[in-house]
Peer 1: 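I have a structure here, written as C-alpha cells, and I will follow up with some questions on it.
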Amino acid sequence: MIDLHLNPQQKEAVEYDEGHLLVLAGAGSGKTRVLTAKIARLLREGTVKPGNILAMTFTNKAAREMGRRVSEMLGGRDLPRMGTFHSTCLWFLRREAGRLGYGENCTVYDGSDQKALLRKLLKKLSLPGGITVSAALSWISEKKSDLVSPEQALVEAVNGRQEAMASVYAAYQKTLSENRAFDFDDLLTYTLEGLRQNIDIREYYRSKFLRILVDEYQDTNLVQHLILKTLAGDSTRVTVVGDDDQAIYGWRGARVSNILDFPKDFPGAKIVRLETNYRSTGSILRAADVLVTNNRNRHGKTLIPVLEMGEPVRVQPVASPSDEAEWSVRTALAFQASGTPLSRMAVLYRTNAQSREFEAACRRCGVAYEVVGAQRFFEREEIKDLVSYLRILVNPRDGESLSRIINKPARGVGRKGEESFFLNLYREGVDCLTALGRASEWPGITPRGGASLKELGAILAGAARMVSRGDPAGEIVDHVLLSTGLQEQYNPEDVAEQSKLENIEEFRRFVAQYDVETPRGGLPGFLAEQCLLTSQDSYSEEGLALMTLHCAKGLEFDIVFIAGLEEGLLPHIRQNESAPSDLEEERRLLYVGMTRARTTLFLTTCMTRAMQGRYHCGPSRFLAEIAPALAEPQAPRPAMPCPTEPEGFKRGDVIRHPRYGRGMVLSARRRGAEWELSIDFGFDEPKTILTGYVPLTKERGRASQG
DNA sequence: ACGAAATCTTTTTTT
DNA sequence: AAGATTTCGT
C-alpha cells in the first residue's frame, strides 16, 4: 500500500535502511511523499518505534501534514517527533531544563523583541560610528551561527566597529541570560552545547533517535549541521533531503556545503537522485531549467517532466505596480471563471512591501485573498502586549516583556520612571514581581507611579498563582485581560480599536483551541508552541495567496504570478553597498518561485517602480536569461519613457520635476551617491531636493563652466 | 507625563 | 513614501 505509486528512485529511497542516505530531490520530485512513506514503512515493519524517529521539517505545517498522512497510512497510532529544527531544540531544552541548569520556563524572543532590546542597549552604550539596530542584530546572529561567543568576538575584533559590535553582543547576551530568555539562534547553540557537554544526555538521545530525517537540508546552517552530527550515534541512520538549486537562506547563515559534503560527514552514505518532476508542465520546467543553468555553483541536474509541454510561460510587461496588480488579479479572476479555484493560485514577490498593491487590487475586484507571512498575527501590537503579560507570568525574570507593558494601559510611568525602575531591578537582581512590589521605595519613581506598579504587581502575582496551579491557558488569558484593563483600554466604538478587540477575540479562540488539543500544556506549553509558529503555519489555503518567494518554499499552485521582475528588485540590490547581494541566490529564488507552478506561470515586469521614494526601472536580467525558453516572443514593450537620473548637476542646469515642473539649479552639492540641489521653480523660496527621491530629468545643461 | 508636530532614517528575504 | 523617533508645548 505504502509503496504504491512510487517510481524506482523514490522506492529506493523509501526502502533503503542500511545506513545514511542523501536524497537529492529536485523541485516537484515527490520528496515529501518519500519522507512520509519512509516513516510509515519504518513504523509498519516495526523496525523502530515511533519514539525512535526524529523528523525535522521546514515548517510546523509541513510536520503536521506529514503526521496526518503517516497516520492515514497506518491507522492512528503514536507518531514520531516531527517539527522544525527550532521547535525540536526548544522541546529538548525544556525537557532537559533540570539537567542543563536553566529554568524550564524560559522566554523565546522573536525578532521584534531582539530589536527592542538592542535599541535600548545601543542607546545606553552610546557607541561611536552609527551602528544601527538591524546591523547589530545581523552581526550578532552571524556570530552565533558561527559559534563565536561575545568574548571571542571581542578578541577577534580587528577594528573599532567590530569592537563596538562585540560589546553590544556581550551586553545583549548578558541581558538575555538575566531575563532567562533565548533568541532563535540560542535555541540551536544551547542545544548543541547541552548535547556536547553532557555525555549522559547525549547518549540518551543517541540511543533514542535511531532514525533521523531532515527535510530542506540545503538551508541548514553550521550549528544545525553540528547538532545533527552530535545527535547521530553509531546506530543512528540519518536521511537528509534537499536540493542545492533551492538554497535561498545563505543570507542567514545557511550553508549549501552541508548537503554537498554530506557523504564526507556521514561516511558510507547512499545517494539517491529524484529527477522526475510530477508537478509542472514542460514549458515551465524548461524555463526554470534554462534560468538556473546560469548558476556556476551547482551540482547540475535536469528535471524530467511527466506532464505535457502545456502553455508557454508568459512575460507580461506593465506600466506600474498598480497596473501589475490589477492585471494579475483580473487574470486570476478569468482563470477562476474557467474553473480554477482562487485557492490554487498565488502571487509571489521579492519583498513584503509589494503585497500592498495586490491587496488593494483584490479588494477593488472583490477577490478573496490571503497574505501569507509578513505582518503576522502574533506581531500585532495588541497581541504582543497580551503575550508580554503572559510571558511575565511564566517567566518573572523577563524584563523585556515587562518593559513593553509597564505603561500599557497608561499607569503614570513615563520614560524616566521606567528607566529608574529597570536600573533598580537589575541592580538588586530581583524578578519582575518583586520589583513591582518594591518600586514605590525606589528613587525616581513618582508616588502615583509607585502605587500603580504595586497594584500591577499584585494583579500579576495573582495570575502567576493560576499558572503554577496549572490552570488552562484560556482562563489565565481571560483573567489577565480583565484584571489589567488591557481589554478595557480599547473603545469598541472606535473603528481602529474595534479591530484590535477582534484580534484579541481571535487570540482567545486560538488559546481555547490549544487548551482542548493539549489539556496538560497550560500557559507555559502554549507560549512555547506559539513563539515558534512559522509564517506558513497560519496559511489556511483559502483565496488567492499573496506571499514572498521565500515564503513559497515547499508549496505548489496551479497558477503562479511572479511580480516585479525588475533589475534591482529581482535580483534585489541593496543600494547601501556593504555586502553585494548574491546573484546566484537571487536566481535560485526565482527558480524556487517558478517551480511552484503546476500548469500556468506568469512573470510580470513594471516599466517604472518607486522604491523608498526612488524610481527604478528596467526589466530583470533574468528575463533575458529565460527568453530562449519562451515559445512566445516577448510582447513588445510599450514605448514609455523611464525617468532617468542624470549623471551630475551643476549650477545653472535646467531640470524637470514631476510635481513642480521646470526649474533651475541654484546650487548643487554631492551627498554620497546623491545630490542635494537647491532649485528655483519660480516660487518665493527655492526648493531643496534630494535626487534619488524624485525622478528629475535634465532639460538642457548650460554650456558654460557655471 | 503625555500628545502632537517636526524631523530623521529606512527596507530584502525569516526561524 | 512611510514609519519611527525626537522635540515641543501643555
Side-chain angles (χ1 to χ4, degrees), chain A residues 56-62 83-90 108-116 119 122-123 130 132-135 137-138 141 144-145 182-188 216 219-221 223-224 247-254 321 348-356 372-376 378-379 407 409-418 445-446 448-449 452 531-537 547-553 564 568-576 578-582 585-586 588-590 592-593 609-616 659 690 692-694:
Chain A
M56 245 95 75
T57 55
F58 201 69
T59 65
N60 298 295
K61 189 173 187 243
T84 62
F85 239 108
H86 286 85
S87 64
T88 304
C89 288
L90 181 58
V108 178
Y109 283 173
D110 67 17
S112 61
D113 301 316
Q114 292 176 287
K115 279 187 182 159
R119 195 167 294 130
L122 285 172
K123 202 172 288 178
T132 64
V133 170
S134 51
L137 187 59
S138 52
S141 177
K144 287 188 175 185
S145 312
F182 296 123
D183 64 19
F184 288 132
D185 295 310
D186 288 340
L187 294 176
L188 304 175
E216 307 280 8
D219 282 325
T220 52
N221 67 17
V223 185
Q224 289 168 318
I248 54 175
Y249 284 101
W251 54 272
R252 68 172 198 207
L348 310 180
Y349 36 75
R350 178 66 234 264
T351 65
N352 285 118
Q354 290 171 260
S355 75
R356 295 182 90 243
V372 184
Q375 229 303 18
R376 304 225 297 270
F378 292 104
E379 280 164 21
N407 201 32
R411 45 176 73 89
V413 182
R415 212 177 61 95
K416 285 195 106 177
E418 183 189 335
I445 309 281
T446 60
R448 189 169 139 244
S452 57
C531 66
L532 289 176
L533 294 176
T534 63
S535 47
Q536 273 185 22
D537 287 333
M547 67 183 95
T548 61
L549 289 159
H550 283 92
C551 249
K553 171 154 126 164
L569 186 59
L570 184 58
H572 195 276
I573 186 149
R574 41 189 318 173
Q575 62 272 20
N576 286 346
S578 66
S581 60
D582 181 348
E585 184 156 305
E586 296 292 311
R588 288 193 294 269
L589 195 51
L590 177 56
V592 167
R609 175 187 303 268
M611 281 170 73
Q612 299 166 213
R614 275 182 177 75
Y615 278 76
H616 282 258
R659 278 252 300 285
L690 222 47
Y693 287 84
V694 179

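The chains referred to below are lettered A, B, ... by the order of the sequence lines, with proteins before strands, and numbering in each begins at 1.
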Peer 1: State the CG-NZ distance between A:Asp186 and A:Lys144, to the nearest 0.5 angstrom.
Peer 2: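 NZ of A:Lys144 is found 3.5 Å from CG of A:Asp186.
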Peer 1: One pair to check against side-chain hydrogen bond (donor to acceptor under 3.5 Å, both in side chains): A:Ser141 and A:Ser138. What are the steps and the verdict?
Peer 2: CA-CA 5 Å; A:Ser141 177; A:Ser138 52; over 6 Å; no
Peer 1: Mind calculating the distance between CD (A:Gln354) and C1' (B:dT13) to the nearest angstrom?
Peer 2: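 Atom CD in A:Gln354 sits about 11 Å away from atom C1' in B:dT13.
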Peer 1: Just checking A:Ser87: base, sugar-phosphate only, or nothing, at a heavy-atom cut-off of under 4.0 Å?
Peer 2: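 The residue A:Ser87 makes no contact with any strand.
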Peer 1: By nearest atom, which of the nucleotides B:dT15, B:dT14, B:dT13 is closest to the A:His86 side chain?
Peer 2: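 My answer, after comparing the listed nucleotides, is B:dT15.
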Peer 1: With rounding to the nearest 0.5 Å, note down the distance linking CD in A:Glu216 to NZ in A:Lys553.
Peer 2: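 It comes to 4.0 Å.
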Peer 1: If only atom types and distance count, is the side chain of A:Asn407 paired as donor or acceptor with the main-chain N or O of A:Val413 below 3.5 Å?
Peer 2: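 Yes, A:Asn407 side chain to A:Val413 backbone: donor-acceptor pair under 3.5 Å.
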Peer 1: Are A:Arg252 and A:Asp219 within salt-bridge range, i.e. N to O under 4.0 Å?
Peer 2: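 Salt bridge: no.
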Peer 1: With a 4.0 Å cut-off on heavy atoms, is A:Phe85 in touch with a base, just the backbone sugar-phosphate, or nothing at all?
Peer 2: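 Since no nucleic acid heavy atom lies under 4.0 Å of A:Phe85, the category is nothing.
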Peer 1: Planes under 30° and centres closer than 5.5 Å, is that true for A:Trp251 with the base of B:dT13?
Peer 2: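 The base of B:dT13 is stacked with A:Trp251 (centres under 5.5 Å, planes under 30°).
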Peer 1: Just by distance, do the side chain of A:Glu585 and the backbone of A:Gly250 share a donor-acceptor pair under 3.5 Å?
Peer 2: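 Yes: the side chain of A:Glu585 pairs with the backbone of A:Gly250.
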Peer 1: Taking only N/O atoms, report every protein-nucleotides 2-4 of chain B pair under 3.5 Å with atom names and distance.
Peer 2:
{"from": "B:dC2", "atom 1": "OP2", "to": "A:Asn407", "atom 2": "ND2", "distance (Å)": "3.2"}

Peer 1: I want to confirm an ordering. Mapping A:Phe184 and A:Lys115 to their closest nucleotides on DNA chain B, which one lands closer to the 5' end?
Peer 2: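 Looking at DNA chain B, the more 5' nearest nucleotide goes with A:Lys115.
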Peer 1: Write down the distance between CD1 (A:Ile248) and P (B:dT13), rounded to a whole number of angstrom.
Peer 2: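 Rounded to the whole Å, the gap is 13 Å.
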Peer 1: Could you state the atom-to-atom distance from CG of A:Leu122 to C1' of B:dT9 in whole Å?
Peer 2: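 The distance from CG of A:Leu122 to C1' of B:dT9 comes to 15 Å, rounded to the nearest Å.
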Peer 1: Does a nitrogen or oxygen in the side chain of A:Thr548 sit under 4.0 Å from OP1 or OP2 of B:dT14?
Peer 2: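 Yes, within the criterion.
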Peer 1: Can you check the A:Arg356 CZ to C:dA1 C1' distance for me, whole Å?
Peer 2: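 Roughly 9 Å, once rounded to whole Å.
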Peer 1: Any chance you could measure A:His550, atom NE2, to A:Thr351, atom OG1, to the nearest 0.5 Å?
Peer 2: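 Separation between the atoms: 11.5 Å.
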Peer 1: May I have the distance from A:Leu137 (atom CG) to B:dT15 (atom C1'), rounded to whole angstrom?
Peer 2: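 Going from A:Leu137 (CG) to B:dT15 (C1'), I get 12 Å.
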Peer 1: Rounded to the nearest Å, what distance is computed from the CG atom of residue A:Leu590 to the P atom of nucleotide B:dT13?
Peer 2: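 Value for this atom pair: 17 Å.
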Peer 1: Does a nitrogen or oxygen in the side chain of A:Thr446 sit under 4.0 Å from OP1 or OP2 of B:dA1?
Peer 2: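 The answer is no; no side-chain N or O of A:Thr446 sits under 4.0 Å from OP1 or OP2.
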Peer 1: Once ring-ring contact (aromatic ring centres under 6.0 Å, His included) is applied, do any residues pair with A:Phe58, and if so which ones, sequence neighbours excluded?
Peer 2: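 A:Phe58 satisfies ring-ring contact (aromatic ring centres under 6.0 Å, His included) with A:Tyr249 only.
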Peer 1: Using atom CE of A:Met547 as one end and atom C1' of B:dT14 as the other, report the distance to the nearest whole Å.
Peer 2: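 Spelled out: CE on A:Met547 to C1' on B:dT14 is 14 Å.
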Peer 1: So, does A:Asn352 get its side chain near the phosphate of B:dT14, meaning an N or O under 4.0 Å from OP1 or OP2?
Peer 2: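 Checking A:Asn352 against B:dT14: at least one side-chain N or O falls below 4.0 Å of OP1 or OP2.
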Peer 1: Show the distances under 3.5 angstrom between N or O atoms of the protein and N or O atoms of nucleotides 8-10 of chain C.
Peer 2:
none

Peer 1: Using atom CD1 of A:Ile445 as one end and atom C1' of B:dA1 as the other, report the distance to the nearest whole Å.
Peer 2: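 Roughly 14 Å, once rounded to whole Å.
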Peer 1: Could you check which of B:dT14, C:dT5, B:dT15 has an atom nearest any side-chain atom of A:Thr84?
Peer 2: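 So the side chain of A:Thr84 is nearest to B:dT15.
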Peer 1: OH/A:Tyr349 to OG1/A:Thr548 distance, rounded to the nearest 0.5 angstrom?
Peer 2: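 Here the rounded value is 7.0 Å.
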Peer 1: For the atom pair CD (A:Gln354) and CG (A:Leu569), what is the distance rounded to the nearest 0.5 Å?
Peer 2: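 Separation between the atoms: 4.5 Å.
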